[in-house]
Trainee: 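A single structure is presented below for examination.
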Amino acid sequence: MSSVLTSRDTDYSQWYNDLVLKGGLADYSAVRGCMVIKPYGYGLWENMRDQLDRMFKETGHQNAYFPLFIPKSFLSKEAAHVEGFAKECAVVTHYRLKNDPNGGGVIVDPEAKLEEELIVRPTSETIIWSTYKNWVQSYRDLPILVNQWANVVRWEMRTRLFLRTAEFLWQEGHTAHATRQEAIEETEKMLEVYATFAEEYMAMPVIKGVKTANERFAGAEDTYCIEAMMQDGKALQAGTSHFLGQNFAKAFDVTFTDRENKIDHVWATSWGVSTRLIGALVMAHSDDQGLVMPPKLAPLQVVIVPIYNKKDAEASQRIDDTAAAVIKELKAKGIRVKYDNDDTTRPGWKFAEYELRGVPVRIAIGARDLENNVVEVARRDEKTKETVSLDGLSGTIETLLADIQSNMFHKAQKFRDEHITRVDSWEEFVKVLDEKGGFVSAHWDGTPATEDKIKEMTKATIRCIPLNNEQEEGKCVLTGNASKERVLFARAY
RNA sequence: CGGGGAGUAGCGCAGGCCGGUAGCGCAUCUGGUUUGGGACCAGGGGGUCGCAGGUUCGAAUCCUGUCUCCCCGACCA
């Protein structure tokens, strides 16, 4: 074995790194905190992006593009916003280099200092709302439903491949509305889009909820989120949708005249998901043999491996012919398939390699199979193999891919559900967090101070207050004060 | 920024305490045999030992400084 993975039990972090690196998703780069997304990882991102993009378009949004650079003064216009992002901004101060007169290569030209420094966007609310000001006069200019696919930079202290990098790819939707109600509906609608995407495409169950004040986006009135559960029992925020109220409209003076000829500030939302979803996908499904990709997003859904026999050229030809016919049928059904007839690696090597890469279905074809009009079909999720007739094979594979997709979801859902624990005492709370992990459903007195205290004592935060949460009288797990509902705590990425 | 670990061939590592001019596995190249779970045989190529100073006749090895990366924590999507 040339590429052995660390097992999840041995070292979960190392297992994750091994998967990302050896599975061919990404590499470390020469720049601290920044990663190279390799073709296989980028192919996965393209599939995610394309599907999300379709869903955004279906809900009435259009794509646009705003600048990478934001004038420093813009960022400071919304108080909470600048507070939230100031500590992690990259700043452009100069616009020119020159040769070092002392012979030390190039240096920043001190004479090329910018009048106003530019921030590399950590998010685009400010540049976008400064623009929307010019787009909106009347209620007839609303709503604005715009999304952009972009890179952003947040100078994180500690980074992890895909989960937290200094630069990452994402989409950010920014919408403007005439009424509070409409903006809230938009926020909820996009949360629903994210939840559907996570569950139906990533096969990753999520809990929809609202963030507490502590965890809210800087500048939002309400932050909605989808929270997922990883295999090590830690929670991961997979997407957020913010109701921004009139905060940014006020900061950038974006007003409109309504039907009653009254002037009001515009109501806003923003929502985003990032390449972090790739990290979520990896940690939600993969195993000690490597990645496990959900068929709907897998860059490669089916790989066909020929089992040649050099002494029988005629049989090898029949294998190639059969594979060609199978590929034609699969492609006709829109299935992403590859024929790996590279004769420099042997079948066993290929089997291991495609398992590491998480290709959902593998078909092996040898001379022996052809004599019986069958092939060997292996599924990655359950690591099982069976002999399947060549007749109607593409239909069989199509059904199998759908079955894998649904099996992966149900497996992840079962795991997630088993990792939601209701607790009613502090002892239990700490015990469950330490010994079992996962979400802990407990009463909380509703104060930020209590949440902070709990975080300090246990490193657990409130991941969300689930939507449509059951109302139930109870006592705060820490303070014993009255509480009307349970919230979900967890240690999180 | 604190705590831990590591920089020696493309990858993974040994050598270091006891200084003498670098080795193993995998990968790679050539030829051959092979192909149903990471093949085998034979031959070959590849390294200013992270960087900079110092000690010494001589430094991967000792000393000083410095840089980088990974893991854990504080900050966060």
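Values in this document were obtained by computation on a predicted structure and should not be read as measured data. We name chains A, B, ... by the order of the sequence lines, and we start the count at 1 in each one.
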Trainee: Less than 4.0 angstrom from a charged side-chain N to a carboxylate O is my criterion; do A/E156 and A/R32 meet it?
Mentor: no

Trainee: Would you call A/R357 and A/E353 a salt bridge, using N to O less than 4.0 angstrom?
Mentor: yes

Trainee: With the threshold set at 4.0 Å, does a side-chain nitrogen-carboxylate oxygen contact exist between A/D403 and A/R379?
Mentor: yes

Trainee: With the threshold set at under 4.0 Å for non-hydrogen atoms, list the residues of residues 292-320 of chain A touching RNA chain B in residue-number order.
Mentor: A/I307, A/Y308, A/N309, A/K310

Trainee: With a non-hydrogen cut-off below 4.0 angstrom, is A/Q237 in contact with a base, only sugar-phosphate, or nothing?
Mentor: sugar-phosphate

Trainee: Got a sec, which residues hit side-chain contact (heavy atoms from CB on, under 4.5 Å) with A/L467, two or more places apart in sequence or on another chain?
Mentor: A/L191, A/K208, A/V210, A/Y224

Trainee: Report the relative orientation of the aromatic rings in A/Y132 and A/W129; use parallel for angles under 30°, tilted for 30 to 60°, perpendicular for over 60°.
Mentor: perpendicular

Trainee: Please report the distance, rounded to the nearest Å, between NE2 in A/H242 and C1' in B/A77.
Mentor: 9 Å

Trainee: Could I get the full list of side-chain hydrogen bond (donor to acceptor under 3.5 Å, both in side chains) partners for A/S270, not counting sequence neighbours?
Mentor: A/E125

Trainee: Taking for each residue the nucleotide of RNA chain B with the nearest heavy atom, is it A/Y493 or A/K350 whose nucleotide lies nearer the 5' end?
Mentor: A/K350

Trainee: Run the salt-bridge test on A/R8 and A/D18 with the 4.0 Å N-O cut-off and return the result as yes or no.
Mentor: no

Trainee: Could you pull out all residues at least two apart from A/T196 that satisfy side-chain hydrogen bond (donor to acceptor under 3.5 Å, both in side chains)?
Mentor: none

Trainee: Counting runs of three or more consecutive pairs, Watson-Crick or G-U wobble, with each distance below 3.5 Å, where are the stems of RNA chain B?
Mentor: B:1-7 with B:67-73, B:10-13 with B:23-26, B:28-33 with B:39-44, B:50-54 with B:62-66

Trainee: With no hydrogens and no angle check, just 3.5 Å: does a side-chain donor-acceptor pair link A/K211 and A/Q237?
Mentor: yes

Trainee: What donor-acceptor contacts under 3.5 angstrom involve side-chain atoms of residues 63-71 of chain A, with partners at least two apart or in another chain?
Mentor:
residue: A/N63; atom: OD1; partner: A/N147; partner atom: ND2; Å: 2.9
residue: A/N63; atom: ND2; partner: A/D53; partner atom: OD1; Å: 2.9
residue: A/Y65; atom: OH; partner: A/R121; partner atom: NH1; Å: 3.3
residue: A/Y65; atom: OH; partner: A/R121; partner atom: NH2; Å: 2.7

Trainee: Classify the nucleic acid contact of A/L236 as base, sugar-phosphate or nothing, counting any heavy atom under 4.0 Å across all strands shown.
Mentor: nothing

Trainee: Tabulate protein N/O versus nucleotide N/O from nucleotides 3-9 of chain B, keeping only pairs under 3.5 Å, one per line.
Mentor:
none

Trainee: Between A/E456 (CD) and B/C75 (P), how many Å, whole number?
Mentor: 10 Å

Trainee: Figure out the OH/P separation between A/Y12 and B/C70, and round it to whole Å.
Mentor: 19 Å

Trainee: Any base atoms under 4.0 Å from A/S13, or only sugar-phosphate, or nothing? Heavy atoms, all strands.
Mentor: sugar-phosphate

Trainee: Name the nucleic acid region contacted by A/N17, choosing base, sugar-phosphate or nothing; use a 4.0 angstrom heavy-atom cut-off, strictly under.
Mentor: sugar-phosphate

Trainee: Return the set of residues passing side-chain hydrogen bond (donor to acceptor under 3.5 Å, both in side chains) with A/E451 (not counting sequence neighbours), or none when no residue passes.
Mentor: A/T212, A/N214

Trainee: Go through residues 359-389 of chain A and report each residue with a non-hydrogen atom lying under 4.0 Å from RNA chain B, sorted by number.
Mentor: A/R362, A/A364, A/G366, A/A367, A/R368, A/D369, A/E376, A/K385

Trainee: Taking the same atom, P, in B/U28 and in B/G65, what whole-Å distance lies between them?
Mentor: 43 Å

Trainee: Who pairs with A/D9 by side-chain hydrogen bond (donor to acceptor under 3.5 Å, both in side chains), at least two apart in sequence or on another chain?
Mentor: none

Trainee: Would you check if there is a donor-acceptor pair between the side chains of A/Y493 and A/D232 at a distance under 3.5 Å?
Mentor: yes

Trainee: Can you list, by residue number, the residues of residues 194-211 of chain A that have a non-hydrogen atom closer than 4.0 angstrom to RNA chain B?
Mentor: none

Trainee: Counting only side-chain nitrogens and oxygens, does A/R346 get under 4.0 Å of the OP1 or OP2 atom of B/A39?
Mentor: yes

Trainee: Holding to side-chain contact (heavy atoms from CB on, under 4.5 Å), I want the full list of residues that pass it with A/R362, two or more places apart in sequence or in another chain.
Mentor: A/V303, A/V305, A/F351, A/E355, A/E376, A/A378, A/K385

Trainee: Ignoring backbone atoms, test whether A/R32 places a side-chain nitrogen or oxygen under 4.0 Å from the OP1 or OP2 oxygen of B/C69.
Mentor: yes

